[in-house]
Amino acid sequence: MDAPLMLLRWMHFLFGITWIGLLYYFNFVQTPFFGETEPAVRSGAQQKLLPRALWWFRWGAMGTAIAGVLYLLIRWYQFGIGEFLYQSYGIAILTGSAMGLIMWANVWFVIWPKQKIVIANAIATAGGAQANPAAAPAGRRAALTSRTNTVFSIPMLFFMGAASHYNLVGEVTTGAIWGWIIVVGGVIALVEINALVGSQGATKKPLDSINGTIWAGFALWLVVMLLILAILG
């Protein structure tokens, strides 16, 4: 199984670099540019640049998820269904995978549908039509979800790398496994809910700036790491 696993890992890296690279481009480069540029330039970019970038973005996410899930299933089979959960490798890669799959779902079911509304509005207004009142809320939701994906990406990349290169925990019990699923899963769910519910508020403020988003990502990593060590360590 070495050759298929290496091929899947290679594909996972290639698609992942494309996806996460564009995620960082959108959040660290394009969003600040759109906030500073003239409306006509922004509209042109939304009509011509954004659809192209989003094509590579969403299919990069899809390829990353498919290759990653196939790789994970093979490794799970190799370890044994039961043993996989009781090893540091399984804990690390499943923690990272949970965040990665949420990020994939955000791309396909939130960011892309909302950005289609924004793009359609830019095309329509450029042709002289009235602005779609749904475009601004759609853009806000897409932005919050994209920033949340950026937050998730920081601990996600750590735990993916830690699976093969860092021993997080020793022997664990079934009770500890359930504690990890409930508590760490709950934290991840709260971060995701913050992206999907509401558009303003104290929990949204860190996502309104690049620095706030990056620090929130490291804070999430620290919280999840400490919880894993406390529950499973």
Side-chain angles (χ1 to χ4, degrees), residues 1-17 19-21 23-24 61 63-106 147-195 203 206 212-233:
M1 293 297 289
D2 286 349
L5 280 173
M6 186 60 229
L7 180 63
L8 286 171
R9 178 175 263 191
W10 180 35
M11 291 295 101
H12 189 59
F13 288 165
L14 282 174
F15 282 113
I17 288 168
W19 175 23
I20 302 302
L23 174 69
Y24 292 162
T64 304
I66 292 172
V69 168
L70 290 174
Y71 181 88
L72 179 61
L73 290 174
I74 293 172
R75 293 293 282 159
W76 201 327
Y77 175 78
Q78 288 179 330
F79 274 100
I81 301 301
E83 289 298 316
F84 188 82
L85 284 172
Y86 291 87
Q87 299 193 31
S88 180
Y89 179 92
I91 297 296
I93 202 165
L94 287 174
T95 301
S97 296
M99 297 183 196
L101 288 173
I102 289 172
M103 292 168 62
W104 166 82
N106 283 340
R147 285 289 170 92
T148 299
N149 271 10
T150 304
V151 170
F152 276 135
S153 74
I154 293 172
M156 180 272 292
L157 290 169
F158 173 85
F159 288 109
M160 289 291 190
S164 298
H165 302 286
Y166 183 71
N167 191 36
L168 285 174
V169 297
E171 294 183 5
V172 297
T173 65
T174 301
I177 292 292
W178 279 109
W180 161 68
I181 292 171
I182 293 168
V183 177
V184 173
V187 169
I188 293 172
L190 287 174
V191 174
E192 175 66 3
I193 290 168
N194 183 61
T203 58
T213 300
I214 293 171
W215 280 113
F218 282 108
L220 179 59
W221 165 79
L222 182 61
V223 169
V224 172
M225 187 70 174
L226 290 175
L227 287 172
I228 287 175
L229 294 177
I231 296 169
L232 300 170

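Residue numbers count from 1 along this sequence.
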Plane angle bin for Phe84 and Phe79 - parallel if under 30°, tilted between 30 and 60°, otherwise perpendicular: perpendicular
Straight-line distance of [X] [atom1] to [Y] [atom2], nearest 0.5 Å:
| X | Y | atom1 | atom2 | result |
| --- | --- | --- | --- | --- |
| Met103 | Glu192 | CE | CD | 10.5 Å |
| Thr148 | Ile102 | OG1 | CD1 | 10.5 Å |
| Ile154 | Leu222 | CD1 | CG | 12.5 Å |
| Trp104 | Ile66 | CH2 | CD1 | 8.5 Å |
| Ile177 | Leu232 | CD1 | CG | 5.5 Å |
| Tyr166 | Phe158 | OH | CZ | 6.5 Å |

Matching residue for Phe159 among Val224, Ile91, Ile93 - test: side-chain contact (heavy atoms from CB on, under 4.5 Å): Val224
Partner of Trp180 under side-chain contact (heavy atoms from CB on, under 4.5 Å), chosen from Leu85, Val169, Leu227: Leu85
Grab the two heavy atoms, one from [X] and one from [Y], that are nearest each other, plus how far apart they are.
| X | Y | value |
| --- | --- | --- |
| Met99 | Pro155 | SD-CG, 3.7 Å |
| Ser164 | Tyr89 | OG-CE1, 3.6 Å |
| Tyr24 | Ser153 | OH-OG, 2.7 Å |
| Leu220 | Val191 | CD1-CG2, 4.0 Å |
| Ala65 | Leu101 | CB-CD2, 4.4 Å |
| His12 | Ala67 | N-CB, 3.8 Å |

Under 3.5 Å donor-acceptor, Ser88 side chain and Leu168 backbone: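 Checked: pair present.
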Under 3.5 Å donor-acceptor, Asn149 side chain and Asn106 backbone: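 Such a contact is absent between Asn149 side chain and Asn106 backbone.
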Side-chain heavy atoms of Leu157 within contact of Met160, under 4.5 Å: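 No, too far: nothing below the 4.5 Å cut-off.
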Tyr77 OH: over 12 foreign heavy atoms closer than 6.0 Å: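 No.
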